[in-house]
Amino acid sequence: MAKLEVSIKKRLGEFQLDVELVAEDGILALLGASGSGKSMTLKCIAGIETPDEGRIVLDGRVLFDSKKRINIPPRKRGVGYLFQSYALFPRMTVRQNIMIGIHGSRAEKFAQAEEKIDAFYLRGLEDKLPGQLSGGQQQRVALARILASAPSMILLDEPFSALDSYLQWRLEAELLDTLRDFGGIALYVSHSRDEVFRICDRVCVISDGASEPVVAVRELFANPQTLSACLLSGCKNYSRIERLDGSRFRAIDWNIELSSGREVPADVQYVGIRSHSVRLAEADGENVLECDVLRVTEELFGVAILLRPVTATEKTDFSQIRLELPKEQWITGKSTVKIAMSAEDLLLLR
């Protein structure tokens with residue numbers, strides 16, 4: 001079983017990168033906001049950037065160790081890296097760019113390159129130069145070149161950001177099959193939560209340069225543990241809390257008292273709830289609150305209703321609650337509604 005161990009620190013001006021993670025066979029997502037340190041982490045692993053301190057080990061082979069002064073050059077690490085700029089050789093054709101990373105005889109290189117040309121929908125472009133290709137086509141060439149070189153590990157930094165949705169769907173399925181067949185470790189940076197959910201096995205949230213524990217992707221979406229993880233998983237409703245007793249707390253920004261149905265840990269500072277978990281209510285009851293309707297937006301398959309509890313004393317973005325419903329469940333013209341938050345749907349966050 002392949003294994004990557006990373007424990008590194010690097011300061012860049014006021015920014016401090018402090019990442020610890022362990023990745024094994026499969027696809028590990030690095031999920032974080034822009035500027036959080038995801039790409040810098042990949043560059044340190046690839047050897048393009050040098051950490052100030054720490055250790056990087058791949059399959060028992062030390063790639064970097066600040067104490068022992070080990071720093072293996074990038075070309076000897078056996079790591080395939082998809083740069084956001086693609087880094088194709090401008091005077092080489094598509095076929096030549098793919099062949100350059102393949103080991104073997106010229107005939108073997110040619111055969112493997114042809115296979116990747118078909119797999120990445122590059123047929124008809126094989127004799128063109130990178131400058132004659134679109135951004136999406138260049139990206140596909142870069143992906144084909146990486147996978148043709150048979151690396152020990154693959155680093156992918158938003159590999160589908162330049163592609164249209166139809167081509168992305170086709171290439172995503174192909175890449176997923178290829179990565180499963182690869183059988184090694186792949187680190188996958190993406191801003192798309194849906195992409196991470198579909199493609200990746202595990203996820204490491206990076207927030208302001210600091211990594212959180214690696215968890216299964218489904219666990220992140222079902223039960224995030226921190227506010228940063230919750231927001232990155234797509235939750236749009238959250239409030240600061242004041243612990244009361246046992247399972248009860250006050251949601252400060254909504255200015256209401258709620259029950260979580262379980263003991264509220266001492267380190268919990270926020271409560272969150274997903275838009276699709278908020279429900280319309282007909283009568284008063286526990287965790288039921290009355291809200292003013294601020295805005296109704298019709299979407300392709302439903303409606304998004306922006307609400308604010310009538311109890312909220314501060315009219316800020318944090319005091320708003322988003323409710324998502326099928327179109328047939330919303331009655332137009334309402335200025336106030338009652339909503340319910342089930343205890344089991346409340347996310348208690350550090």
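All residue numbers refer to positions in the sequence shown, counting from 1.
Side-chain atoms of K38 come within 3.5 Å of backbone atoms of G32 as a donor-acceptor pair (strictly under, hydrogens ignored). Side-chain atoms of Q137 come within 3.5 Å of backbone N or O of S134 as a donor-acceptor pair. Looking at E108, its side chain does come within 3.5 Å of a backbone N or O of S105 through a donor-acceptor pair.
Members clustered with F318: L227, L231, Y238, Y270, L347, L349, by chain and number, using a 4.5 Å side-chain heavy-atom cutoff among hydrophobic residues.
With respect to the salt-bridge test (charged N to carboxylate O, under 4.0 angstrom), the residues D65 and R55 qualify. Using a 4.0 Å cut-off between charged nitrogen and carboxylate oxygen, K43 and E49 do not count as a salt-bridge pair. The existence of a salt bridge linking R123 and D118 is confirmed by a sub-4.0 Å separation between a basic side-chain nitrogen and an acidic carboxylate oxygen.
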Quiz item: L176 and I27: side-chain contact (heavy atoms from CB on, under 4.5 Å), yes or no, with the steps?
Solution: CA-CA 9 Å; L176 184 56; I27 309 170; 3.8 Å; yes

Quiz prompt | Stepwise side-chain contact (heavy atoms from CB on, under 4.5 Å) check, L30 with Y188 | solution = CA-CA 6 Å; L30 300 185; Y188 191 101; over 6 Å; no

Quiz prompt | Stepwise side-chain contact (heavy atoms from CB on, under 4.5 Å) check, L31 with I206 | solution = CA-CA 6 Å; L31 184 61; I206 299 181; over 6 Å; no

Practice problem: Show the numbers, then the answer: is there a salt bridge (Lys or Arg N to Asp or Glu O under 4.0 Å) between R11 and D52? | Solution: CA-CA 7 Å; R11 181 169 289 280; D52 296 329; over 6 Å; no

Exercise. Give the C-alpha distance, both sets of side-chain angles, the deciding distance and a yes or no for side-chain contact (heavy atoms from CB on, under 4.5 Å) between R250 and R243.
Key: CA-CA 6 Å; R250 185 172 74 90; R243 297 174 71 250; over 6 Å; no

Practice problem: Give the intermediate values and the outcome of salt bridge (Lys or Arg N to Asp or Glu O under 4.0 Å) for residues E242 and R248. | Solution: CA-CA 9 Å; E242 175 189 6; R248 303 195 71 81; over 6 Å; no

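Side-chain polar atoms of E158 and S190 form no donor-acceptor pair below 3.5 angstrom.
Qualifying side chain to side chain donor-acceptor pair (under 3.5 Å) partners for E263, counting only residues two or more places apart in sequence or in other chains: none. Evaluation of the side chain to side chain donor-acceptor pair (under 3.5 Å) rule for D284 yields K338 as partners, not counting sequence neighbours. With sequence neighbours left out, R279 forms a side chain to side chain donor-acceptor pair (under 3.5 Å) with S342. Partners of E290 by salt bridge (Lys or Arg N to Asp or Glu O under 4.0 Å), not counting sequence neighbours: none found. For R61, the side chain to side chain donor-acceptor pair (under 3.5 Å) criterion is met by no residue, not counting sequence neighbours. A search for side-chain contact (heavy atoms from CB on, under 4.5 Å) contacts involving A251 returns S239, W254, I256, L258, V271, not counting sequence neighbours. For F197, the ring pair (Phe, Tyr, Trp, His ring centres under 6.0 Å) test picks out F221, with sequence neighbours left out.
Counting only heavy atoms from C-beta outward, the side chains of M341 and N237 never approach each other to under 4.5 Å. A 4.5 Å side-chain heavy-atom check between F249 and E257 finds every atom pair outside the cut-off. Contact annotation: the side chain of L17 approaches that of V19 to within less than 4.5 Å [non-hydrogen atoms, C-beta and beyond]. The shortest side-chain heavy-atom distance between S152 and V79 does not fall under the 4.5 Å cut-off. In this structure, F120 and L143 have side chains that are in contact, with non-hydrogen atoms separated by less than 4.5 Å. Between V62 and K68 the shortest side-chain heavy-atom distance does not fall below 4.5 Å. The shortest distance between side-chain heavy atoms of I70 and I72 falls below 4.5 Å. Between R262 and S247 the shortest side-chain heavy-atom distance does not fall below 4.5 Å.
By the neighbour-count criterion of 12 heavy atoms within 6.0 Å, atom NZ of K9 is sparsely surrounded, having that number or fewer from other residues, nucleotides or ligands. Within a 6.0 Å sphere centred on CD of Q16, other residues, nucleotides and ligands contribute more than 12 heavy atoms. E282 CD: 12 or fewer foreign heavy atoms inside a 6.0 Å radius. No more than 12 heavy atoms of other residues, nucleotides or ligands lie within 6.0 Å of CZ in R218, so this atom counts as exposed by the packing criterion.
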Identify each donor-acceptor pair in which a side-chain atom of residues 207-215 lies under 3.5 Å from a protein atom, sequence neighbours left out, and give them as a table.
| residue | atom | partner | partner atom | Å |
| --- | --- | --- | --- | --- |
| S211 | OG | E20 | N | 2.9 |
| S211 | OG | E20 | O | 3.2 |
| E212 | OE1 | T226 | OG1 | 2.8 |
| E212 | OE2 | T226 | OG1 | 2.9 |
| E212 | OE2 | S228 | OG | 2.5 |

Pairs under 3.5 angstrom only: tabulate donor-acceptor contacts from the side chains of residues 89-97 to other protein residues two or more places apart or in another chain.
| residue | atom | partner | partner atom | Å |
| --- | --- | --- | --- | --- |
| T93 | OG1 | Q96 | N | 3.2 |
| T93 | OG1 | Q96 | OE1 | 3.4 |
| R95 | NE | E114 | OE2 | 2.9 |
| R95 | NH1 | D127 | OD1 | 2.8 |
| R95 | NH2 | E114 | OE2 | 3.1 |
| Q96 | OE1 | T93 | N | 2.9 |
| N97 | OD1 | F89 | N | 2.9 |
| N97 | OD1 | R145 | NH1 | 3.3 |
| N97 | ND2 | F89 | O | 3.2 |
| N97 | ND2 | M92 | O | 3.1 |
| N97 | ND2 | T93 | O | 3.1 |

Kindly list each side-chain donor-acceptor pair under 3.5 angstrom involving residues 291-306, sequence neighbours excluded, with atom names and distances?
| residue | atom | partner | partner atom | Å |
| --- | --- | --- | --- | --- |
| E298 | OE2 | K327 | NZ | 3.0 |
| E299 | OE2 | R322 | NH2 | 3.0 |

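The two atoms that bring V288 and A281 nearest to each other are CG1-CB, 4.1 Å, heavy atoms only. Heavy-atom minimum distance, P151 versus I146: CD-O, 3.4 Å. Here the closest non-hydrogen pair linking C44 and I8 is CB-CD1, 3.7 Å. Shown here for G184 and A2, the closest heavy-atom pair between the two residues is CA-CB, 4.5 Å. The two residues G261 and A343 have their closest heavy-atom pair at N-CB, 3.9 Å.
Taking CD1 from I117 and CG from L122, the interatomic distance works out to 6.5 Å, rounded to the nearest 0.5 Å. One finds the CD atom of Q225 at 9.0 Å from the CG atom of D267 (value rounded to the nearest 0.5 Å). Atoms CG and OG1, from L21 and T41 in turn, are 7.5 Å apart once rounded to the nearest 0.5 Å. Between the CG atom in D59 and the CD atom in E24 there is a gap of 10.5 Å [rounded to 0.5 Å]. Put simply, CG on L4 and CD1 on I45 are 5.0 Å apart, with the number rounded to the nearest 0.5 Å.
Pairs passing the ring pair (Phe, Tyr, Trp, His ring centres under 6.0 Å) check and including a residue from residues 34-64, sequence neighbours excluded, do not occur.
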